[in-house]
Amino acid sequence: MRKKGDSMSKNAEPQSGMTLKRAFGMREAVTITVGTVIGVGLFTTGAQIVGTMGSMVVVATFIAMVISVYPSMLYGEMGAALPYAGGTYKYAQLGLGKAAGTMAGWNFIASLIAVTSGEALAFSFYFKTIFRAFGIELPISDAVLAMIPIVIFIITNILGTEMTGKLQNGFMFFFWGVAIIWFLAMIPSIQMPAYVVLPDAMKTMTPWGFIGCVAMIWWCFAGFETCCAMGEEIRYPQINLPRALILSPFIVFAVNALFQWFLVGITPVNKAAALASANAPFAEAMSAAGILGLPMALLAVGIAFGGDFSTLNASIAVPPRYLYAMAREGSMPKFFAKLHPRYQTPYVSILFLGILSLILTVYPINFVASVSLFADLFYYIIGIAAALGLRIRHPELKRPFTAPGIRVGVPVSIVIYFIMMTQLDRYAIVTGIIWCIVGLVVYYICRRIYGEAENEKLDAYVLQEELPGDAERASMDREYRIWKTVVIAACIVAGVLYLIPLL
């Protein structure tokens with residue numbers, strides 16, 4: 001095993017000058033993960049499902065959480081055992097083989113490129129809403145406005161991981177603060193009949209249609225393992241990664257369920273169906289209810305500069321770590337593995353993937369969402385299978401955290417995710433298949449150019465467990481208990497709110 005301060009094995013990992021800096025704690029692991037997830041899905045395509053399901057959307061949201069919990073535990077196990085940049089790419093490579101690892105990393109990149117562009121478009125919708133709340137229409141296209149924050153976050157991510165973490169914490173806590181104020185402001189506008197009158201689309205929904213709705217809501221949870229991709233930059237990863245992954249699905253459920261409850265309650269019953277096709281469903285609901293001015297502007301500010309910015313910051317930060325990890329091993333062109341000489345960030349990968357996100361902003365957000373969802377489901381299937389593959393191939397690997405029932409949980413999770421994949425639009429499936437073919441072609445070309453890499457020795461990836469001192473460990477445990485208490489309380493409150501109108 002590699003001791004603290006030793007250089008990484010030349011068989012698998014890069015030498016000095018190509019390693020990333022451990023600068024994040026559990027708080028950043030949570031906020032980067034949750035920040036990647038809470039954004040475009042919740043406030044656009046996920047909110048559109050309210051127009052189809054009404055208050056029953058909480059059932060789909062709960063199911064989406066349930067089918068995310070066990071995979072998050074699998075990622076907690078893999079992340080704690082192998083805390084390196086690349087996440088699913090590395091796990092699949094060691095557990096299933098190099099081609100599977102490349103497909104996992106390639107699809108993760110596709111997913112978050114799409115999330116970045118979709119989130120930027122969502123930012124443009126809600127940024128304009130700030131001005132529409134006061135009767136002002138901005139004379140700028142959605143695509144051009146969407147490109148501005150992408151460029152800003154490309155720059156901040158190149159400038160270093162400390163800045164990325166600080167910005168992420170600020171965006172997330174700003175979002176939650178504004179959300180609480182908005183919740184309190186909306187309470188007088190809640191209409192209880194809205195929770196018991198279901199849209200016509202819900203009354204005629206087929207089982208397959210329900211699965212399709214769950215899949216779109218699940219997109220609001222996709223990314224729950226994001227912190228694994230930055231495992232090489234997280235302190236005490238054997239402790240912090242499993243904790244962050246256990247919390248993340250429940251945090252996402254609480255936030256989604258609470259926002260959905262308010263969206264249902266403020267939308268006039270006869271206007272609910274219109275949410276299914278709205279670019280900015282929350283703004284559409286408030287406008288239909290006649291809630292304009294400061295309350296609408298407050299919501300738009302929270303979404304644009306809290307929810308959207310937190311997702312943009314994280315989704316621009318994370319995919320380059322996958323491309324970097326793949327490139328430094330020769331699975332992708334090696335110039336993507338260059339680190340900035342001063343900031344030690346993978347700046348070439350950040351620039352390249354940022355440009356791809358800029359290009360995607362010219363496409364409709366529903367297309368972007370569908371492409372991202374296919375890539376999400378595909379790489380999660382590979383990642384889930386990799387957990388079992390690692391158990392079989394490397395039973396000797398030290399696992400500070402272990403997921404229970406893996407031989408049952410893995411195949412069940414794979415089947416569930418595959419069923420959701422079958423409900424996607426045909427063009428999303430075709431686009432996803434083309435992307436996979438391109439990835440494989442690039443992979444095999446790189447192998448011909450750089451030669452076939454040696455089979456990785458597991459010891460090269462195993463860190464000697466670095467334990468915090470007693471005082472620091474006590475502080476970490478206290479922080480984790482506070483997070484758990486707050487998250488449990490938020491989930492309970494969300495569930496109770498849906499029950500009140502039925503009493």
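Atom set for the values below is all heavy atoms of this structure, side chains included, hydrogens, waters and symmetry mates excluded. Quick caveat, the model's predicted, so the values are computed rather than measured.
- Residues that satisfy the side chain to side chain donor-acceptor pair (under 3.5 Å) test with Thr116, not counting sequence neighbours, are Ser315.
- Here side chain to side chain donor-acceptor pair (under 3.5 Å) pairs that include residues 194-208, with residues two or more places apart or in two chains, number zero.
- Partners of Gln260 under the side chain to side chain donor-acceptor pair (under 3.5 Å) rule, at least two apart in sequence or in another chain, are Thr61.
- Side chains of Ser349 and Tyr322: no donor on one and acceptor on the other come within 3.5 Å.
- Here side chain to side chain donor-acceptor pair (under 3.5 Å) pairs that include residues 243-252, with residues two or more places apart or in two chains, are Arg243-Asp477.
- Residues satisfying the side-chain contact (heavy atoms from CB on, under 4.5 Å) criterion with Phe174, sequence neighbours excluded, are Val178, Val301, Phe305.
- Residues satisfying the side chain to side chain donor-acceptor pair (under 3.5 Å) criterion with Tyr126, sequence neighbours excluded, are absent altogether.
- Ser72 pairs by the side-chain contact (heavy atoms from CB on, under 4.5 Å) definition with Phe224, Pro249, not counting sequence neighbours.
- For residues 400-414, no residue pair satisfies the side chain to side chain donor-acceptor pair (under 3.5 Å) rule, not counting sequence neighbours.
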Using atom types as modelled, flag every donor-acceptor pair under 3.5 Å from a side chain in residues 492-503 to any protein atom, sequence neighbours excluded.
unit_1	atom_1	unit_2	atom_2	d
Tyr498	OH	Ala257	O	2.8
Tyr498	OH	Trp261	N	2.9

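- The aromatic ring centres of Tyr417 and Trp218 sit less than 6.0 Å apart.
- Contacts of Ile180 classified as side-chain contact (heavy atoms from CB on, under 4.5 Å), with partners at least two apart in sequence or in another chain: Leu184.
- When ring centroids are compared, Phe309 and Phe153 come within the 6.0 Å threshold.
- Side-chain polar atoms of Ser111 and Ser372 form a donor-acceptor pair below 3.5 angstrom.
- In summary, the side chains of Asn107 and Trp435 do not present any donor paired with an acceptor at a separation below 3.5 Å, with no hydrogens or angles considered.
- Heavy atoms from other residues, nucleotides or ligands lying under 6.0 Å from CZ of Phe418 number 12 at most.
- Residues Tyr379 and Phe108 bring their aromatic ring centres within 6.0 Å.
- Judged as a side chain to side chain donor-acceptor pair (under 3.5 Å), the pairs with a partner in residues 135-147 (not counting sequence neighbours) are, in order, Lys128-Asp142, Arg132-Glu137.
- Under the rule for a side-chain contact (heavy atoms from CB on, under 4.5 Å), the partners of Gln191 that lie at least two apart in sequence or sit in another chain are Pro193.
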